[in-house]
There are 2 protein chains.
Amino acid sequence: MKIGTNEVERRVQAFSEVCRRYGAKATHQRREIYRELLRTDEHPAAETIYARVRKRIPAISLDTVYRTLRLLEKKGLISRAGFLNEKARFDANTLPHHHFVCTRCGFMGDIYHKERDEFLALRDVSAMGTVNSVHIELRGICKSCQKNSRLKDNYFFAILIVISTI
Amino acid sequence: MKIGTNEVERRVQAFSEVCRRYGAKATHQRREIYRELLRTDEHPAAETIYARVRKRIPAISLDTVYRTLRLLEKKGLISRAGFLNEKARFDANTLPHHHFVCTRCGFMGDIYHKERDEFLALRDVSAMGTVNSVHIELRGICKSCQKNSRLKDNYFFAILIVISTI
DNA sequence: CAGCTAAATAGTTATGATTACTAAAAAAAA
DNA sequence: TTTTTTTTAGTAATCATAACTATTTAGCTG
């Protein structure tokens, strides 16, 4: 859902004011990076943002892009989809469950929910800590990929269960 | 939720049989890596698994651990929490929403839900593609971290909205 | 159960995203 | 303006993960 040009400019303006008010500098680079993210709904990667902002600020460095993205994220103005900068974490538990993750120490605990709504009530989580945000991601194959699809890897899991329970 | 030793061995055994049946080799290294993951509920990183398996197979290489984890994941025996190997993707959309991600091409689309249950019915997703799995992550601060907590960064978002809507 | 052959491993190097570093530049305050 | 402090550009470093290659091994075959 893209937002209009007026709204983009309104937010960039508001951002500048908030920066000044809180002792951060509203630099040209920061405004352009934030503007670039406000203008799109395609969840660009850092490299993509770098490429686009470079059209307006040819001398901008990749480091500035990364630094600014970290700043904006820390300040809650943008979010990142997916959880890079963390190591991959593995799990042999094949029961359907969710995870609680501590953003400070990386603790990861399992959350089971019997009824669908329960996880939103966060009942099982209070024992582990306080939830700041709920991250939900659906993974699959998009329409376009389905068209030129052929691959059909055999999926061990179902087979293993059969053998395991005989 | 840890599983018992018997169940661990049963699954390792089943894994070996499935491997042979499908032309993959049930090597000592693979069994140990899978066993290590079955024995724990702490979602270890690759390095952690490496360190533990090394106690039993001192000469095992880190590459083997990574290779085996990829294999197990591809076969559906284990899953990874978080999505490494992808670039971080950013988003300035601060409305509550979820993401649809194509695991093949990386397409990422927003999913909005008015009522809480709707996202589970996956209604809005059918237009984008087929969902294979739903990933839910709650982020926050765990009990242990709350105890020795002091940090309280100011969170720009709320402030910006106020300025923006005056 | 010894030999065969494709698959897997160990050890190492490479890659690719992200971060750290430092001198120079620029924003906000005085 | 001038000053002070933050931020930036450019580059080098880091860190997790993947690729490469000679050697080894699992599982088949006779």
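Numbers restart at 1 for each chain; the letters A, B, ... are given by sequence-line order, proteins then strands.
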Checklist line | Euclidean distance, Arg39(A) CZ relative to Glu7(A) CD, rounded to 0.5 Å | finding: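 Between atom CD of Glu7(A) and atom CZ of Arg39(A) there are 14.5 Å.
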If you only use heavy atoms from C-beta on, which nucleotide in [options] is closest to the side chain of [X]?
X	options	result
Ala46(B)	dT18(C), dT17(D), dA9(D)	dT17(D)
Tyr66(A)	dT7(D), dA17(C), dT17(D)	dA17(C)
Asp63(B)	dT11(D), dT8(D), dA18(D)	dA18(D)

How long is the line joining [atom1] of [X] and [atom2] of [N], in whole Å?
X	N	atom1	atom2	result
Ile60(A)	dA25(C)	CD1	P	17 Å
Leu62(B)	dA14(C)	CG	C1'	14 Å
Tyr50(B)	dA16(D)	OH	C1'	14 Å
Lys74(A)	dT7(D)	NZ	P	10 Å
Arg70(B)	dA16(D)	CZ	P	16 Å
Leu71(B)	dA8(C)	CG	C1'	11 Å
Glu47(A)	dT19(C)	CD	C1'	14 Å
Tyr22(B)	dA7(C)	OH	P	17 Å

Checklist line | Rounded to 10 degrees, the angle between the two terminal axes of the helix from dC1(C)-dG30(D) to dA30(C)-dT1(D), each from five pairs | finding: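 End-to-end axis angle for the helix from dC1(C)-dG30(D) to dA30(C)-dT1(D): 30°, rounded to 10°.
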Next item on the list: Scan Arg67(A) against the nucleic acid and name what it touches under 4.0 Å (heavy atoms): base, sugar-phosphate only, or nothing.
Entry: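 Counting heavy atoms under 4.0 Å across all strands, the contact made by Arg67(A) includes a base.
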Margin query: With a 4.0 Å limit, can you tell me whether Thr64(A) has a side-chain N or O closer than that to the phosphate oxygens OP1/OP2 of dA9(D)?
Written below: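 Yes.
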Quick one: does any side-chain atom of [X] pair with a main-chain N or O of [Y] as donor and acceptor, under 3.5 Å?
X	Y	value
Arg30(B)	Lys25(B)	yes
Arg31(B)	Ser16(B)	no
Thr68(A)	Thr64(A)	yes
Thr40(B)	Glu36(B)	no

Grab the N/O contacts between the protein and nucleotides 26-30 of chain D below 3.5 Å, and write none if there aren't any.
residue	atom	partner	partner atom	Å
dA26(D)	N3	Lys25(B)	NZ	3.1
dG27(D)	OP1	Arg20(B)	NE	3.2
dG27(D)	OP1	Ala26(B)	N	3.1

Inspect the contact between [Y] and [X] and indicate whether a charged nitrogen and a carboxylate oxygen are less than 4.0 angstrom apart.
X	Y	result
Glu42(A)	Arg52(A)	yes
Glu17(A)	Arg20(A)	no
Glu73(A)	Arg70(A)	no

Next item on the list: Please figure out whether Arg30(A) or Ala59(A) has its closest DNA chain D nucleotide nearer the 5' end.
Entry: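 Looking at the nearest nucleotide for each, Arg30(A) comes out on the 5' side.
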Next item on the list: Would you kindly confirm whether Val8(B) and Val53(B) end up in one hydrophobic cluster when ILVMFWY residues are joined by side chain heavy atoms under 4.5 Å apart?
Entry: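 They do share one cluster, since a chain of ILVMFWY contacts under 4.5 Å joins Val8(B) to Val53(B).
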